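Quantities reported herein were computed from a predicted structural model and do not represent experimental measurements. Every chain is numbered from 1 and lettered A, B, ... according to where its sequence line falls, protein lines coming before strand lines. Both backbone and side-chain heavy atoms feed into the values below; hydrogens, waters and symmetry mates do not.
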Amino acid sequence: MKVHRVVWGVALGTWLVVGGAGCGLRSSQSPRLSIAQVASAKARDATLSPVERGRFVYQKYGCAMCHGPDGQGGVKNPNAQTGGEIPKLTHVAEGYSVDELKTQIRKGLREIGKADSLGPAPPYRMPDMEGWMSEEELDALVHYLIGLMPKGAETTW
Amino acid sequence: MGKRLIPMIVLLAVLGLPASEVRAQKTQKGEKVYEADKGPGKIDVSKYPEEMQKAYKLFAQKCGKCHTLARPINTDFADDQWNRYVKRMMNKPGSGIEPKDGEQIYKFLQYDNAARKKKPAGNSKGSK
């Protein structure tokens, strides 16, 4: 009987220690910012131009992973209807209004059209940013994306 | 037991049939069907000017490559929305729409807006 109690005691102790460490790990993965850290981030943001803030948001949310650095594209998405690659973003200024672009970023793109309808689904899709990205970040990102249009490359009709 | 098992198998097969048919339809199409896809898939352009008839052919060839032609035909966009939309499609990799093609397609959609959809020429309200 005593042995049983000892075993249960050890098991409970281990669970508490491991569980506690697990909780600690989780909380360290998403640390709460102190007031000083928030203030310093805001001060840094204030020194950035809207385009720089947008570029920061573009990097922060990993947009470059799929759309390439500065929206240059080139990342493969096998069997995607868009030529088997993820579209570049350098010309969004002429294809979207500000509101349309914001909607697209908020909603993402759950289904990517297939080049071969009988082939496999393209592996990459665009995640929705609704609830993740703040309005300020969204404004800055759109500002940045619209500014990616190369000078003189606009279609004139 | 055996007497009960056979009706059970038959019932499961009957219930499973429509479900498998739905799955097959989805798999075969493999793409989302929009409301506009269900409308008419062509336009009678016989009374359109010759230039617009040519542009319609280009529109059917280029746009019909990736989606139903019914989709743009039954979509209610103002001229400025079509302008952006055609450019958006044009800039997609692999679209095969050159800027001069895009211009023709846009002009056709603009003309069709006024001729068939009886839409006054102009831009949408509230677009930034």
Do A:V92 and A:V75 belong to the same hydrophobic cluster, where Ile, Leu, Val, Met, Phe, Trp and Tyr are linked whenever their side-chain heavy atoms lie under 4.5 Å apart, directly or via other members? no
Would you say A:L145 ends up clustered with B:Y85 if hydrophobic residues are merged whenever their side chains have heavy atoms under 4.5 Å apart, either directly or through other cluster members? no
Inspect the contact between A:E100 and B:R84 and indicate whether a charged nitrogen and a carboxylate oxygen are less than 4.0 angstrom apart. yes
How long is the straight-line distance from CD of A:E85 back to NZ of B:K92, given to the nearest 0.5 Å? 12.5 Å
I'd like to know if A:I112 and A:I86 are part of one continuous hydrophobic network [Ile/Leu/Val/Met/Phe/Trp/Tyr, side-chain heavy atoms within less than 4.5 Å]. no
Who pairs with A:E137 by salt bridge (Lys or Arg N to Asp or Glu O under 4.0 Å), at least two apart in sequence or on another chain? A:K60
From CD1 (B:I105) to CH2 (A:W157), nearest 0.5 Å: 8.0 Å
Do other residues, nucleotides or ligands put more than 12 heavy atoms under 6.0 Å from the CZ atom of B:F77? yes
Greater than 12 external heavy atoms within 6.0 Å of B:K42's NZ: no
Inter-residue atom distance A:T156.OG1 - B:E103.CD, 0.5 Å rounding: 7.0 Å
Decide whether A:E94 and B:N83 meet the rule of one side-chain donor and one side-chain acceptor closer than 3.5 Å. no
Give me the contact list for residues 94-102 of chain B versus chain A, heavy atoms only, anything under 4.5 Å, ordered by residue number. B:G94, B:P99, B:G102
Return the CG to CG distance between B:N91 and A:L89, rounded to the nearest 0.5 Å. 10.5 Å
Inter- and intrachain pairs under side-chain hydrogen bond (donor to acceptor under 3.5 Å, both in side chains), touching residues 49-68 of chain B, at least two apart: B:D37-B:T68
Is it true that B:M89 and B:L69 fall in one hydrophobic cluster, defined by side-chain heavy atoms closer than 4.5 Å? yes
Check for me, please, whether A:Y61 and A:V51 land in the same ILVMFWY cluster - side-chain distances under 4.5 Å, paths through other members count. yes
Check side-chain contact (heavy atoms from CB on, under 4.5 Å) between A:E135 and all other residues, then give those that pass, not counting sequence neighbours. A:R106, A:L138
Heavy-atom pair count under 4.5 Å with chain B, highest-scoring of A:A115, A:G84, A:G73, A:G83: A:G83
Which atoms of B:M90 approach chain A - backbone, side chain, both or neither, heavy atom under 4.5 Å: side chain
